[in-house]
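Input: a single structure, listed below in structure tokens.
Numbering starts at 1 and runs along the sequence shown. Predicted model only: the values in this text are computed from it and were never measured.
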Amino acid sequence: LFRSVIGTSTLKPGDGRPYFSPRLNPGKDHVVGKDEWLILLGDDSRIVHRPNPSIHGRTEFVIASAPREKIRERVLILGWNSHIFNILQEYDTFLSAGSEITIASLFAPEKAQAMLDETLSRPLVNADISCVHLDYTIASRLDTLLEAGSGTCIILADESSKESDPDSRTIVTILLVRDFEARHPEKRLRQIVAEILSVENA
């Protein structure tokens, strides 16, 4: 079963043989031409067809990946902004039951939990959320969170701090996380994802 269309692909000549040139997320006004294929995401691992440039009458080609294995994980989210609701619900789809998500921000835990209850479009079924009030740009306080152990750390452009330049806060946090990993290699995170707003800062 196909879940979503992510772009189109056009057949082009190159180096003596044709190849497919992808165009991902072409925009809502894009009109699919007669010489374009749709690029679709699917979850059926039995579909293994690949585009064949010699066959122009078929458009159902798809490259399928193996189904995502659900894992039980501890996720640490540092900061808060409007993206947090989609992030939580996306993580909940591939975490296994009993996973834990900790959100650290400068919002009081009661306020943060109330915003989650009000805005999440559906309750999480696989992950338990805990909200903590903590300034994670202070090394000793961040260390306390990281020492608990997490597989993934997500650093958001923080709106709870009300700072005029959230990228500075994000960059400081990245440096602190890396410093913690250097001091505690046994607690090294599997993944760090940071949100940077300015292209120059990225």
Taking atom types as modelled and ignoring hydrogens, do the side chains of [X] and [Y] form a donor-acceptor contact shorter than 3.5 angstrom?
{"X": "Asp167", "Y": "Thr170", "answer": "no"}
{"X": "Glu36", "Y": "Ser9", "answer": "no"}
{"X": "Ser130", "Y": "Glu100", "answer": "no"}
{"X": "His83", "Y": "Glu159", "answer": "no"}

Side-chain contact, heavy-atom cut-off 4.5 Å: [X] with [Y]?
{"X": "Leu197", "Y": "Pro166", "result": "yes"}
{"X": "Glu181", "Y": "Ile192", "result": "yes"}
{"X": "Ile84", "Y": "Met115", "result": "no"}
{"X": "His30", "Y": "Thr8", "result": "yes"}

If you group Ile, Leu, Val, Met, Phe, Trp and Tyr by side-chain heavy-atom gaps below 4.5 Å, do [X] and [Y] land in one group?
{"X": "Phe94", "Y": "Ile129", "answer": "yes"}
{"X": "Leu116", "Y": "Leu124", "answer": "yes"}
{"X": "Ile155", "Y": "Leu142", "answer": "yes"}
{"X": "Trp80", "Y": "Leu78", "answer": "no"}
{"X": "Leu189", "Y": "Ile101", "answer": "no"}

Inset, instruction - Give the other cluster members for Ile138, using side-chain heavy-atom distances under 4.5 Å between Ile, Leu, Val, Met, Phe, Trp and Tyr residues; answer none if it is isolated. - result: none

Inset, instruction - State which residue, out of Thr102, Thr152, Ile154, fulfils the side chain to side chain contact (heavy atoms under 4.5 Å, CB included) condition with Leu76. - result: Thr102

If I compare all heavy atoms of [X] with all of [Y], which pair ends up nearest, and what's the gap?
{"X": "Pro123", "Y": "Asp92", "answer": "O-OD2, 4.4 Å"}
{"X": "Ala104", "Y": "Leu145", "answer": "CB-CD1, 3.7 Å"}
{"X": "Leu134", "Y": "Leu106", "answer": "O-CD2, 3.8 Å"}
{"X": "Ile196", "Y": "Ser198", "answer": "CG2-O, 3.3 Å"}
{"X": "Ile174", "Y": "Ala194", "answer": "CD1-CB, 3.6 Å"}
{"X": "Cys131", "Y": "Pro109", "answer": "O-CB, 3.5 Å"}

Do [X] side-chain atoms and [Y] backbone N/O form a donor-acceptor pair below 3.5 Å?
{"X": "Ser160", "Y": "Ser105", "answer": "no"}
{"X": "Gln89", "Y": "Arg122", "answer": "yes"}
{"X": "Asn81", "Y": "Asp158", "answer": "no"}
{"X": "Arg188", "Y": "Ala182", "answer": "no"}
{"X": "Lys187", "Y": "Glu147", "answer": "yes"}

Inset, instruction - Answer yes or no: is there an ion pair linking Asp135 with Arg169, defined by an N-O contact shorter than 4.0 Å? - result: yes

Inset, instruction - Identify whether the distance between the nearest side-chain nitrogen and carboxylate oxygen of Arg183 and Asp143 falls below 4.0 Å. - result: yes

Inset, instruction - With sequence neighbours excluded, tell me which residues meet ring-ring contact (aromatic ring centres under 6.0 Å, His included) with His184. - result: Phe180

Inset, instruction - Could you walk me through whether Ser168 and Glu163 pass side-chain hydrogen bond (donor to acceptor under 3.5 Å, both in side chains), step by step? - result: CA-CA 9 Å; Ser168 295; Glu163 292 184 10; over 6 Å; no

Legend entry - Between CZ on residue Phe107 and CD on residue Gln113, distance to nearest 0.5 Å: 13.5 Å

Inset, instruction - Keeping to residues at least two apart or across chains, list the ring pair (Phe, Tyr, Trp, His ring centres under 6.0 Å) pairs with something in residues 126-154. - result: none

Inset, instruction - Please report the C-alpha distance between Asn86 and Glu90 in whole Å, then the side-chain angles of each, then the deciding distance to 0.1 Å, and finally whether the side-chain hydrogen bond (donor to acceptor under 3.5 Å, both in side chains) criterion is met. - result: CA-CA 6 Å; Asn86 288 334; Glu90 175 63 21; over 6 Å; no

